[in-house]
Protein chains: 4
Amino acid sequence: MAKYQRILDAAISVFAEQGFFQSTIAQIAKEAGVADGTIYLYFKNKDDILVQFYQYKTRQIFERFREAVSKPATAEEKLRCLIRVHLQEFQKDRNMAIVYQAETHQNRTLGTELIKEMSKMYRDIISEVVELGQEEGTIRRDLYMGLVKRFINGAVDEVINSWIHSGGKYDLVTMADPLVDLFIKGIGVNRQ
Amino acid sequence: MAKYQRILDAAISVFAEQGFFQSTIAQIAKEAGVADGTIYLYFKNKDDILVQFYQYKTRQIFERFREAVSKPATAEEKLRCLIRVHLQEFQKDRNMAIVYQAETHQNRTLGTELIKEMSKMYRDIISEVVELGQEEGTIRRDLYMGLVKRFINGAVDEVINSWIHSGGKYDLVTMADPLVDLFIKGIGVNRQ
Amino acid sequence: MAKYQRILDAAISVFAEQGFFQSTIAQIAKEAGVADGTIYLYFKNKDDILVQFYQYKTRQIFERFREAVSKPATAEEKLRCLIRVHLQEFQKDRNMAIVYQAETHQNRTLGTELIKEMSKMYRDIISEVVELGQEEGTIRRDLYMGLVKRFINGAVDEVINSWIHSGGKYDLVTMADPLVDLFIKGIGVNRQ
Amino acid sequence: MAKYQRILDAAISVFAEQGFFQSTIAQIAKEAGVADGTIYLYFKNKDDILVQFYQYKTRQIFERFREAVSKPATAEEKLRCLIRVHLQEFQKDRNMAIVYQAETHQNRTLGTELIKEMSKMYRDIISEVVELGQEEGTIRRDLYMGLVKRFINGAVDEVINSWIHSGGKYDLVTMADPLVDLFIKGIGVNRQ
DNA sequence: CATGAATGAGGGTTCATTCAT
DNA sequence: AATGAATGAACCCTCATTCAT
């Protein structure tokens with residue numbers, strides 16, 4: 001049962017391994033243990049598998065991000081928690097991470113809207129946290145927010161990307177604290 | 001003639017537009033104004049076009065990066081110059097930027113070595129600069145270098161990525177200074 | 001229930017709309033309000049639906065034709081009645097008419113026997129009527145019967161065909177009398 | 001060489017044998033002695049083969065019909081000549097005849113316009129001939145022209161149809177004179 | 001009887017690559 | 001060197017048919 005989940009998992013696994021375009025329906029079907037045609041009972045076409053991946057799998061991850069920032073009280077703690085959860089979730093599901101990284105850096109029209117929406121949601125969270133920090137007085141006020149969001153998002157993405165390309169050897173989550181430290185304090189020495 | 005260049009440019013243009021897998025040799029040939037078969041006089045196969053793109057086009061860019069860090073005296077200025085040149089070069093050749101961004105986030109075997117080599121070269125430059133700063137006393141010593149490299153590389157990449165997805169509307173180079181500022185000082189307020 | 005009838009009607013309706021090969025079992029099932037599998041309880045396979053259409057639906061029509069020629073006394077009246085009933089029946093069930101017209105002009109092996117049998121039955125009726133007329137002295141004796149049968153059958157078919165392609169707008173039965181007039185007297189002026 | 005013709009001929013041959021929908025591109029390619037893909041150099045898709053058949057092959061036939069009615073002086077001779085040429089041409093190219101017969105009785109949207117146009121052209125020729133006869137005084141004036149056209153067209157079609165289904169055994173052209181005789185004089189005895 | 005999820009063979013179509021000219 | 005017609009393997013997708021429930 002839960003054939004939908006089995007197919008989706010198989011697909012993401014195959015996509016992660018070979019990339020979307022080099023993956024075939026036959027491979028996915030085999031991996032999922034179903035017939036080729038069965039896939040079309042659950043997905044409109046090959047593209048739709050990716051779209052649904054975003055719609056159902058990724059959305060749920062991003063809800064965890066919202067959750068992550070809701071608990072801590074201070075901006076710094078919120079940011080720390082967000083990044084920790086981010087790294088945690090991507091570490092937990094490496095295939096998802098791979099497919100997500102690959103697709104967000106593609107400029108295809110395939111589900112572009114969803115991806116953009118998702119990325120925006122992430123950056124919105126960052127915005128809120130940063131703004132909170134500014135109100136708290138713990139974060140600088142002379143920041144161009146659009147850039148800050150990219151700055152944080154990009155750094156986290158690249159840390160994940162490196163981890164993926166390393167073969168997922170080391171523990172990704174341990175990067176969370178040093179990374180937040182860099183975000184907050186930068187690499188420069190503290191000038192008094 | 002320079003048919004080789006014409007084909008390479010055409011290919012990158014088509015890849016940028018549609019992605020590598022959705023591009024066809026016929027499209028590239030048409031864009032380059034040559035016959036389909038002619039492409040095979042200059043490239044072993046479709047994949048080889050991408051490989052050569054890295055080998056000849058991208059390598060030259062990265063040489064500019066080396067150059068960029070050689071002139072300034074201080075670490076901060078070197079970093080500023082590196083990032084400015086990086087954004088400049090990618091802004092100058094948007095198609096290259098698109099293809100580069102897409103391919104570096106793929107985990108294909110296609111020319112993976114080259115990409116890794118290129119990324120490593122970039123991160124090596126950062127390492128050197130950061131180490132210099134540490135010697136100068138302008139950059140913190142309590143840094144995990146592997147992370148710092150990703151931190152900077154990722155942030156710059158994402159800034160470029162955003163610019164690409166925005167359609168290349170705004171001036172990318174103006175981001176250089178605020179970005180370096182973030183790298184050096186972070187987002188936190190200066191605690192004495 | 002009469003599920004058999006419902007399926008058969010649905011099938012003919014769908015075949016009429018899209019043609020046999022472009023119709024799917026799923027469409028027929030939906031139109032009939034049954035499950036796909038249910039169709040296979042009543043029909044051996046897709047082809048069998050067409051075969052049974054001929055066997056049960058069309059056969060009954062042709063029995064009306066027999067009836068039609070049995071009542072009138074003279075050959076001309078028999079012919080007139082035959083054609084009137086023919087047009088009537090096809091007008092009454094347009095879907096049947098469409099499917100019948102399409103299939104009789106196919107040279108498929110699918111139920112060819114039945115179609116041939118049916119067409120032969122029709123032409124036999126004409127033969128009998130014409131022979132009666134010859135005995136009566138109302139119909140010429142210097143006729144090649146094989147041709148006369150095609151001549152009448154073809155003309156009627158084409159009149160129906162035109163009506164179908166017109167979208168069934170006008171009243172088909174009104175064509176009966178003028179058509180019989182043409183059969184009997186031809187288009188030439190009466191030479192004494 | 002003349003690959004276009006070879007493919008078109010092969011296609012019509014295969015369509016005639018098995019019907020359009022049951023024919024495969026692979027069969028056509030094999031029959032034409034080319035690779036499957038080669039067909040797509042000359043035809044947009046499978047449907048297009050049929051469309052082009054009408055556009056190039058059939059159109060040329062119908063031009064012969066025009067020619068046929070242009071030479072004789074009297075209406076009767078024109079009609080006789082038209083029908084003789086019609087039967088001749090269809091006898092000469094039996095595959096064309098089969099495909100033509102099948103398609104004109106389909107109510108598909110595939111090239112419907114062309115078929116309608118062609119049929120109309122044929123019936124226009126008949127109209128002109130009949131009207132000429134009426135002016136000559138050799139053809140009755142009390143005729144519903146729309147019906148007369150179907151009457152003649154249908155009878156000829158059915159004669160061809162029978163010939164096809166008989167396997168093309170006998171000489172189709174010998175039917176021309178007796179058929180015209182039926183058209184002109186009808187089957188009834190001459191009443192004074 | 002009835003269902004409809006599952007199957008998998010089959011077909012149309014694309015496109016990287018070759019090769020005769 | 002250059003061409004572009006030809007190739008045919010490969011892939012997505014459809015749909016008639018089956019069968020466990």
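Chain identifiers are assigned alphabetically (A, B, ...) following the order of the sequence lines, protein sequences preceding nucleic acid strands; residue numbering begins at 1 within each chain.
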Check your understanding: To the nearest angstrom, how far is B:I28 atom CD1 from F:dG4 atom P?
Key -> 17 Å
Check your understanding: C:F43 has an atom CZ; how far is it from atom C1' of E:dA2, in whole Å?
Key -> 15 Å
Point to revise | First of D:Y42 and B:G33 reached from the 5' end of DNA chain F, by closest nucleotide | key: B:G33
Practice item. Using whole Å, report how far CZ of B:R6 lies from P of F:dA1. Key: 15 Å
Practice item. Identify, with sequence neighbours excluded, every residue that meets ring-ring contact (aromatic ring centres under 6.0 Å, His included) alongside C:Y42. Key: none
**Study point:** Whole angstrom value for the distance that separates C1' of E:dT18 from CD1 of B:I39
**Key:** 14 Å
Practice item. Identify the heavy atoms of B:F21 and B:K46 that sit nearest to each other, and give their distance. Key: O-NZ, 3.7 Å
Point to revise | Under the salt bridge (Lys or Arg N to Asp or Glu O under 4.0 Å) test, residues paired with A:E31 that sit two or more places apart | key: none
Practice item. Give a yes-or-no answer on whether the side chains of B:Q27 and B:E17 include a donor-acceptor pair shorter than 3.5 Å. Key: no
Could you go through nucleotides 8-12 of chain E and list every protein N or O atom that sits under 3.5 Å from one of its N or O atoms, giving the distance for each pair?
from: E:dG8; atom 1: N7; to: A:G37; atom 2: N; distance (Å): 3.4
from: E:dG12; atom 1: OP1; to: D:S23; atom 2: O; distance (Å): 3.3
from: E:dG12; atom 1: OP1; to: D:K46; atom 2: NZ; distance (Å): 3.2
from: E:dG12; atom 1: OP2; to: D:I25; atom 2: N; distance (Å): 2.9

**Study point:** For DNA chain F, stems built from three or more consecutive Watson-Crick or G-U wobble pairs below 3.5 Å
**Key:** E:2-21 with F:2-21
Exercise for review: Spell out, as yes or no, whether a donor-acceptor pair under 3.5 Å connects the side chain of A:D93 to the backbone of A:M96.
Suggested key: yes
Review point. B:K30: what forms a salt bridge (Lys or Arg N to Asp or Glu O under 4.0 Å) with it, not counting sequence neighbours?
Key: none
Point to revise | B:Y4 OH - F:dA2 P separation (whole Å) | key: 15 Å
Review point. For the residue pair C:F43 and C:Y4, does the interplanar ring angle fall in the parallel (under 30°), tilted (30 to 60°) or perpendicular (over 60°) class?
Key: parallel
Practice item. Calculate the interatomic distance between C:K44 atom NZ and F:dA16 atom P; express it in whole Å. Key: 16 Å
Point to revise | Closest approach of C:V99 to C:I12 (non-hydrogen atoms, all atoms of both residues) | key: CG2-O, 3.6 Å
Study note, to complete from the structure: On DNA chain E, more 5' by nearest nucleotide between A:L41 and C:L41 is C:L41
Point to revise | Below 4.0 Å: OP1/OP2 of E:dA6 and any side-chain N or O of A:K3 | key: yes
Practice item. Could you tell me which residues satisfy side chain to side chain contact (heavy atoms under 4.5 Å, CB included) with A:A26, sequence neighbours excluded, listed by chain and number? Key: A:T24, A:D36
Study note, to complete from the structure: C:D48 atom CG is separated from F:dT17 atom C1', nearest whole Å, by 14 Å
